[in-house]
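To keep things clear, I will list the structure first and then write my remarks on it.
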Amino acid sequence: MSVTQSDPVDHDMADEPVYVISVAAKLAGLPSWTLRVLDKEGVVCPQRTEKDRRLYSDRDIAKLARVRYLTEERGVNINGVKLILEMENNSTGRSELGRFGEGEQS
DNA sequence: TTTCTAACA
DNA sequence: TGTTAGCA
């Protein structure tokens, strides 16, 4: 009796990789190939099973959802998302971004 | 970006 | 059988 769920072991949050690429893509609202690119770029950190199956955790889904806003609403490329997430990972949320336009397609 | 093939569960 | 992963 500590937190909400009554689990013997300490399960804090969704860190269990149980979502395959198609499920993660649906939850994030992104196409499957995008998740594959994000993984190649090192934007997301999906666990890999013995058969090379990418398993995404709720933690990855949350990051994917942010990527979807940047790519869908803001029109940022994978390269831009990688840069933005890289800044958030390095800086405590203080991004001194001037005015740099990413290569945007119509 | 899209599609095809191969392997796995 | 359906789905995933990798490449051209």
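Just so it is clear: chains get the letters A, B, ... in the order the sequence lines come, proteins before strands, and each one is counted from 1.
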>> Checking A:Val23 now: which residues fulfil side-chain contact (heavy atoms from CB on, under 4.5 Å) with it, not counting sequence neighbours?
In response: A:Tyr19, A:Val20, A:Leu27

> Can you name the nearest heavy-atom pair linking A:Gln47 to A:Pro17, along with the distance?
Replying inline: CG-CG, 3.4 Å

>> How close do A:Lys63 and A:Val43 get, counting heavy atoms only, and between which atoms?
In response: CD-O, 3.4 Å

> If every non-hydrogen atom of A:Tyr56 is compared with every non-hydrogen atom of A:Ile21, which pair is closest and at what distance?
Replying inline: CE1-CA, 4.0 Å

>> List the residues meeting salt bridge (Lys or Arg N to Asp or Glu O under 4.0 Å) with A:Arg48, not counting sequence neighbours, and say none if there are none.
In response: none

With 3.5 Å as the limit, what N/O pairs link the protein to nucleotides 1-8 of chain C?
{"from": "C:dT4", "atom 1": "OP1", "to": "A:Ser22", "atom 2": "N", "distance (Å)": "3.2"}
{"from": "C:dT4", "atom 1": "OP1", "to": "A:Ser22", "atom 2": "OG", "distance (Å)": "2.4"}
{"from": "C:dT4", "atom 1": "O4'", "to": "A:Arg53", "atom 2": "NE", "distance (Å)": "3.1"}
{"from": "C:dT4", "atom 1": "O4'", "to": "A:Arg53", "atom 2": "NH1", "distance (Å)": "3.3"}
{"from": "C:dT4", "atom 1": "O4'", "to": "A:Arg53", "atom 2": "NH2", "distance (Å)": "3.1"}
{"from": "C:dT4", "atom 1": "O2", "to": "A:Arg53", "atom 2": "NH2", "distance (Å)": "3.2"}
{"from": "C:dA5", "atom 1": "OP1", "to": "A:Arg54", "atom 2": "N", "distance (Å)": "2.7"}
{"from": "C:dA5", "atom 1": "N7", "to": "A:Arg36", "atom 2": "NH2", "distance (Å)": "3.4"}
{"from": "C:dG6", "atom 1": "OP1", "to": "A:Arg48", "atom 2": "NH2", "distance (Å)": "3.4"}
{"from": "C:dG6", "atom 1": "OP2", "to": "A:Arg54", "atom 2": "NH1", "distance (Å)": "3.0"}
{"from": "C:dG6", "atom 1": "OP2", "to": "A:Arg54", "atom 2": "NH2", "distance (Å)": "2.7"}
{"from": "C:dG6", "atom 1": "N7", "to": "A:Arg36", "atom 2": "NH1", "distance (Å)": "2.7"}

> Pairing of DNA chain B as dot-bracket, 5' to 3': ( ) intra-strand, [ ] crossing, | other strand, . unpaired, with Watson-Crick or G-U pairs under 3.5 Å?
Replying inline: .|.||||||

Which atom pairs, one a donor and one an acceptor, fall under 3.5 Å between side chains of residues 31-39 of chain A and the rest of the protein, sequence neighbours left out?
{"from": "A:Asp39", "atom 1": "OD2", "to": "A:Arg54", "atom 2": "NE", "distance (Å)": "2.3"}
{"from": "A:Asp39", "atom 1": "OD2", "to": "A:Arg54", "atom 2": "NH2", "distance (Å)": "3.0"}

> What pairs with A:Glu41 under salt bridge (Lys or Arg N to Asp or Glu O under 4.0 Å), at least two apart in sequence or on another chain?
Replying inline: A:Lys82

